[in-house]
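Below is one structure, written out as structure tokens, with a few remarks after it.
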There are 2 protein chains.
Amino acid sequence: MFLCFKSVDQLLKTRDKILDEALRQLNEEGLDKVSIRSIAQALGISPGNLTYHFRNVDTIIQELYLELVRELDAGLQRMENATTVLTTLLELSEDNFFVFWKYRFILLDFIAITRRITEVRDHFRRLIAQRHFQFKFSIEHMIAEGLLKPEEVDGQYDKLILQSIILGNAWIPDAHIHFDDRSDAVVRFYADLFLGMIVPYLTEKGLAEYRTWLDKRPKLRYKSYRTDP
Amino acid sequence: MFLCFKSVDQLLKTRDKILDEALRQLNEEGLDKVSIRSIAQALGISPGNLTYHFRNVDTIIQELYLELVRELDAGLQRMENATTVLTTLLELSEDNFFVFWKYRFILLDFIAITRRITEVRDHFRRLIAQRHFQFKFSIEHMIAEGLLKPEEVDGQYDKLILQSIILGNAWIPDAHIHFDDRSDAVVRFYADLFLGMIVPYLTEKGLAEYRTWLDKRPKLRYKSYRTDP
DNA sequence: ATAATTTTAGTACAAATGTACTAGTTTTTA
DNA sequence: TAAAAACTAGTACATTTGTACTAAAATTAT
């Protein structure tokens with residue numbers, strides 16, 4: 001009987017419980033409120049126990065960052081069997097927004113994190129370089145399929161890529177400042193804003209596909225910043 | 001003679017020297033490396049002396065934030081005698097980029113700052129609301145003057161405004177991650193990227209004015225992320 | 001000049017943090 | 001079952017931080 005209770009509690013091993021609680025605290029309280037002791041106290045375990053699993057908070061963060069990257073990769077592979085480029089891009093982008101939201105502390109405190117864990121910065125640079133390449137590939141593909149207008153001003157699509165990469169990393173801090181709400185409605189608002197960047201470049205055909213995709217989506221709660229409930 | 005030396009040293013009053021050194025450290029070392037003691041030590045004064053002028057680091061940050069806001073306002077007023085809307089917008093935006101760059105720690109550690117100093121978050125929300133209004137006004141003005149295309153997709157210009165506001169706040173963290181360079185060339189790169197957001201919305205006439213403005217500018221050193229020297 | 005005010009130096013204190021260590025306890029392995 | 005490994009609790013220590021306080025020095029005002 002007692003063993004039964006215990007095993008229920010231990011279905012999640014201590015290590016995983018630490019990661020869960022750390023993620024919760026990091027997302028809700030912020031980087032500098034989280035310490036080995038605050039996590040241990042919340043879980044009712046000793047600080048010494050925690051240091052056995054993770055040397056310090058930075059190690060936990062590094063592990064959570066790797067989790068994020070793994071989830072992003074998983075999403076990417078699910079999209080291998082693509083129907084059309086544009087729809088795939090739209091779906092994948094929105095999915096990624098929810099993954100980032102789950103680990104939102106990373107983008108919230110990203111500069112502080114990269115200062116403390118240089119490996120994260122190095123890895124992130126490569127991640128962005130990879131996303132840059134994917135975007136470029138998708139855009140050329142969509143131009144060939146007549147979904148995107150051919151480039152009118154020189155280097156314009158290269159700029160669009162960088163603009164959207166920045167927006168894709170910056171919406172979470174922006175949400176933290178301009179919204180009190182922390183629900184999925186906010187994520188969808190920013191995903192919509194992000195995807196809207198491509199609209200002025202769409203052809204008639206592209207716009208039609210875009211609208212088809214939009215119609216499948218639930219109606220947005222927010223159309224601009226809203227801090228009132 | 002000694003008095004002379006002393007007065008040279010005190011041309012900048014202690015209070016101003018503290019602000020200068022704090023800004024330098026915050027920009028270069030980051031928020032969590034800066035303390036009353038680190039500033040006092042760098043200036044060769046006692047921590048007790050520093051607390052006389054500023055209760056703690058947060059108070060210094062709040063003062064530096066107000067300095068930033070004052071400089072932004074000053075730039076805005078210099079632009080009152082506008083020649084044309086578009087050129088004015090381009091010039092003002094680039095100027096603002098350099099002002100933000102001077103106080104770049106604020107946007108670098110913005111979330112941490114707003115968590116510690118709630119007044120900054122409240123003020124910033126109002127600042128953004130104001131900028132939102134200015135953008136909207138400028139856009140309608142430019143449409144009326146035939147510089148911008150009329151809105152094709154519903155709500156598209158509202159999205160453009162939000163997108164550019166986010167980019168306008170996010171380029172400094174982005175620069176911190178993707179560039180090792182800290183020179184003006186980086187600022188101009190991002191200013192160019194920011195202003196490029198409006199390009200797909202420009203009419204022939206607008207594009208001509210945009211290109212005229214571009215030609216007046218020095219050639220850009222960067223066209224994309226570059227970490228090598 | 002002298003009193004009042006402002007500025008500065010120096011110190012002390014409590015709280016929090018990462019780290020290291022020891023000594024038990026539980027689980028796994030042989 | 002016994003030894004080995006994995007896990008947990010608890011404590012102690014050196015640092016760092018904001019804060020508060022006193023006393024001295026410098027400046028300003030009267």
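Chain naming here is simple, since letters A, B, ... match the order of the sequence lines and numbering starts at 1 in each. These figures come from a predicted structure and were not determined experimentally.
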Could you tell me whether the phosphate oxygens of C:dT17, OP1 or OP2, come under 4.0 Å of any side-chain nitrogen or oxygen in A:Asn56? no

Considering every strand and a 4.0 Å limit on heavy-atom distances, what is the contact class for B:Arg55: base, sugar-phosphate, or nothing? sugar-phosphate

To the nearest angstrom, the CG-P distance between A:Asn49 and D:dA9 comes to 5 Å

Between C:dT19 atom C1' and A:Phe54 atom CZ, what is the distance in whole Å? 17 Å

Give a yes/no on whether any side-chain N or O of A:Thr14 is located under 4.0 angstrom from OP1 or OP2 of D:dC7. no

Please give, in whole Å, the distance from D:dT8 C1' to A:Arg15 CZ? 17 Å

Go through the side-chain N and O atoms of B:Asp174 and B:Tyr225 and say whether any donor and acceptor fall under 3.5 Å apart. yes

Please give, in whole Å, the distance from C:dT26 P to A:Tyr52 OH? 16 Å

Considering just the side-chain nitrogens and oxygens of A:His53, establish if one lies under 4.0 Å of OP1 or OP2 belonging to D:dT8. yes

Once you round it to whole Å, what is the distance between P of C:dA9 and CD1 of B:Ile36? 14 Å

In whole Å, what is the span from the CZ atom of B:Arg37 to the P atom of C:dT11? 12 Å

Determine all donor-acceptor pairs shorter than 3.5 Å in which one atom belongs to a side chain in residues 104-117 of chain B; sequence neighbours excluded.
residue: B:Arg104; atom: NH1; partner: B:Trp101; partner atom: O; Å: 3.1
residue: B:Asp109; atom: OD1; partner: A:Arg115; partner atom: NH2; Å: 2.6
residue: B:Asp109; atom: OD2; partner: A:Arg115; partner atom: NH2; Å: 3.0
residue: B:Asp109; atom: OD2; partner: B:Leu31; partner atom: N; Å: 3.3
residue: B:Thr114; atom: OG1; partner: B:Phe110; partner atom: O; Å: 3.2
residue: B:Thr114; atom: OG1; partner: B:Ile111; partner atom: O; Å: 2.8
residue: B:Arg115; atom: NH2; partner: A:Asp109; partner atom: OD1; Å: 2.7
residue: B:Arg115; atom: NH2; partner: A:Asp109; partner atom: OD2; Å: 3.0
residue: B:Arg116; atom: NE; partner: B:Asp58; partner atom: OD1; Å: 3.0
residue: B:Arg116; atom: NH2; partner: B:Asp58; partner atom: OD1; Å: 2.6

Are A:Phe179 and A:Tyr222 an aromatic pair, judged by ring center distance below 6.0 Å? yes

Give the rounded distance in Å between these two atoms: NZ of A:Lys13 and P of D:dC7. 9 Å

Can you find a side chain N or O atom of B:Ser35 that sits less than 4.0 Å from OP1 or OP2 on D:dT17? yes

Across the strands shown, which category fits A:Leu50 at heavy-atom distances under 4.0 angstrom: base, sugar-phosphate, nothing? nothing

Do B:Tyr65 and B:Tyr103 have ring centres separated by under 6.0 Å? no

Protein-nucleotide distance (B:Lys33, atom NZ; C:dT17, atom C1'), rounded to Å: 13 Å

Is the ring pair B:Tyr190/B:Trp171 parallel, tilted or perpendicular, if the boundaries are 30 and 60 degrees? tilted

